[in-house]
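Keep in mind that this is a model prediction, so the values were computed, not measured. Letters A, B, ... are given to chains in the order of the sequence lines, protein chains preceding strands, and every chain is numbered from 1.
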2 protein chains.
Amino acid sequence: MTDSDITPRKRFHALDARERARWLDPAEAEFCAHGFENASLNRILKQAGMSKGRSYHYFADKGELFRATLDRRMAGIAELCDAAVLAAKEPGLFWQEVAALGARLTAALQKDERLAALIRTLHQERAAQQACAVQLDVFRARVEALLTAGQAIGAVRGDLPTSLLVAVTLQLIVTVDHWFADHAAALDMAQEQLLSRQAFGLLIAPLIPPSQFGDDLP
Amino acid sequence: MTDSDITPRKRFHALDARERARWLDPAEAEFCAHGFENASLNRILKQAGMSKGRSYHYFADKGELFRATLDRRMAGIAELCDAAVLAAKEPGLFWQEVAALGARLTAALQKDERLAALIRTLHQERAAQQACAVQLDVFRARVEALLTAGQAIGAVRGDLPTSLLVAVTLQLIVTVDHWFADHAAALDMAQEQLLSRQAFGLLIAPLIPPSQFGDDLP
DNA sequence: ACGAGATTTAGACCAGTGGTCTAAATGCTC
DNA sequence: GAGCATTTAGACCACTGGTCTAAATCTCGT
């Protein structure tokens, strides 16, 4: 059989984990250190001792290598997102489950510095977002399902398009995360715990049905 | 006098408006069409009929050219931000002034498509943000002053660091703006007006003091 | 064990990037 | 018009991600 219908991605996937790490370890180091656009493919290749030809045999382009790097780190994250939150039948429980979910993800990111760096790159660079469009859509769909479930039981406001609420929520998550990353050094642990509890309120404030607070706005 | 203490920026500033436009018009077209990083300096130069040497005589680097482009478009925006909002003495009036300010800025951006494109680039590309760090800090300071004034009269929650509220507010502004830019085509004017009123509530929700709504959160 | 055919690999090469530098042209003043 | 500072053109640099060819290697039927 000719290789015309075998994508580089599949070829890479067929390699064993040991061999894949020979690519992904240097790539991850480079992407974490320089982000996506400023990462140099040539530098990665030199570091990994691989040639251009080999690279484009296994990865269609730079984006595919980034995606593979991210995929490896993301393994094990999916199982943190259990479905309990979708089953909640009243707002109090719903938000409690959301808070627990958020805490789990936050803890995972705090433990895995490399993953946090990759995700921050993904957040900051449009080119990286294009490279990972599929994964991002999956994540977006997850958040959308969550918000829709919240709307169904009246925990989330239903007077605005879901896509707008999703966009706002995603941005708020990364913004708050980013702020904590920037200011973590200046906080002791007690402060950080207190703040992150309050920051959770910040996150969900735009989602609360507007009738719940006094409408003294123009 | 030798030119060792004259910066490229000053040299460009000394040109008359007619001459400056010969640089800025092609630069603006390129930046609007391709963003910052993907804009090609060589293409701009070819378009403007200028040489490399001349370019680096007037602009230290690509970023300085982008900054000059943005500066020209931003002239006239500052006067839209009058100080009435800072003088408000009770929450209702404060939010009313904020809404008016937001409406003015939104209208300005809707009228000036090029400015909107440049600002969107500024929002999306880290490299552009670094090039315009000074202007961004000025804007951040403006928002911070506004929020501090709001906190002083109890219109804005005071239980979280101002810098966090500033970060969240800035991101929400661009996110909501972005959503509307993406979905404007699918909305008729009446829908858009209604939505943008509601979206304003979305914007300020994280800023409202938390005691104002029932704390049924974990 | 061998040779044909497919797969994998190395790395020269490409058009492009932002930025530097030299040397000529130009402008300005005495 | 001489002499000097400023301005200008564009060759050149190291580098980018990506393409392509030709050689090496591997696989497999005999």
Side-chain angles (χ1 to χ4, degrees), chain A residues 1-16 18-20 22-23 26-27 30-31 33-69 121 125-128 130-132, chain B residues 1-16 18-20 22-23 26-27 30-31 33-69 121 125-128 130-132:
Chain A
M1 187 207 333
T2 168
D3 63 343
S4 67
D5 50 354
I6 288 195
T7 65
R9 216 194 100 261
K10 285 183 185 170
R11 275 194 282 249
F12 179 70
H13 219 75
L15 265 43
D16 60 45
R18 181 93 183 71
E19 202 64 25
R20 263 177 289 164
R22 291 167 63 90
W23 288 99
E30 177 79 9
F31 285 129
H34 304 283
F36 179 68
E37 298 239 69
N38 287 335
S40 163
L41 193 56
N42 292 330
R43 222 153 39 201
I44 294 174
L45 294 182
K46 195 172 295 180
Q47 187 64 30
M50 304 287 193
S51 72
K52 255 315 172 39
R54 214 160 21 154
S55 168
Y56 282 87
H57 189 67
Y58 289 115
F59 304 100
D61 54 21
K62 192 186 179 182
E64 203 159 282
L65 180 54
F66 181 77
R67 208 180 323 145
T69 305
T121 292
E125 298 189 42
R126 211 171 159 66
Q130 277 165 339
C132 302
Chain B
M1 192 212 320
T2 169
D3 64 341
S4 66
D5 51 355
I6 288 195
T7 65
R9 216 194 101 260
K10 285 183 184 169
R11 277 193 281 251
F12 179 70
H13 219 74
L15 265 43
D16 61 46
R18 180 92 184 71
E19 202 65 25
R20 262 177 289 165
R22 290 167 63 92
W23 289 99
E30 178 79 9
F31 285 128
H34 303 283
F36 179 68
E37 298 238 69
N38 287 334
S40 164
L41 194 55
N42 292 331
R43 222 150 42 199
I44 294 174
L45 294 181
K46 195 172 294 181
Q47 188 64 31
M50 305 286 192
S51 72
K52 257 307 174 41
R54 209 152 32 146
S55 168
Y56 282 87
H57 189 67
Y58 288 115
F59 305 100
D61 55 21
K62 193 186 178 183
E64 203 158 282
L65 179 54
F66 180 77
R67 208 179 324 144
T69 305
T121 292
E125 298 189 42
R126 210 171 159 65
Q130 277 165 340
C132 301

ask   = Is it true that atom NE2 of B:His34 has more than 12 heavy atoms of other residues, nucleotides or ligands lying nearer than 6.0 Å?
value =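 Enclosed.
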
Any side-chain N or O of A:Tyr58 below 4.0 angstrom from OP1/OP2 of C:dT8?
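A:Tyr58 to C:dT8 OP1/OP2: no side-chain N or O under 4.0 Å.
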
Quiz item: Is any side-chain nitrogen or oxygen of B:Arg54 closer than 4.0 Å to OP1 or OP2 of D:dT7?
Solution: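 Negative; the distance criterion is not met.
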
Partners of A:Arg43 by salt bridge (Lys or Arg N to Asp or Glu O under 4.0 Å), sequence neighbours excluded?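 Checked A:Arg43 against salt bridge (Lys or Arg N to Asp or Glu O under 4.0 Å); matches are A:Glu30.
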
_For A:Arg9, give me all partners under salt bridge (Lys or Arg N to Asp or Glu O under 4.0 Å), at least two apart in sequence or on another chain._
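In terms of salt bridge (Lys or Arg N to Asp or Glu O under 4.0 Å), with neighbours along the sequence ignored, A:Arg9 is linked to no residue.
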
For atom [atom1] of [X] and atom [atom2] of [N], their distance in whole Å:
{"X": "A:Phe59", "N": "C:dT8", "atom1": "CZ", "atom2": "C1'", "result": "15 Å"}
{"X": "A:Leu45", "N": "D:dC15", "atom1": "CG", "atom2": "P", "result": "15 Å"}
{"X": "B:His57", "N": "D:dG10", "atom1": "NE2", "atom2": "P", "result": "17 Å"}
{"X": "B:Arg11", "N": "D:dT7", "atom1": "CZ", "atom2": "C1'", "result": "9 Å"}

Side-chain ([X]) to main-chain ([Y]) donor-acceptor, under 3.5 angstrom:
{"X": "A:Arg11", "Y": "A:Tyr58", "value": "no"}
{"X": "A:Glu125", "Y": "A:Phe36", "value": "yes"}
{"X": "B:Lys62", "Y": "B:Ala131", "value": "no"}

Expected string for nucleotides 13-20 of chain C under the B/S/- scheme (protein heavy atoms, under 4.0 Å, primed atoms plus P, OP1, OP2 as sugar-phosphate) is ----SBBB

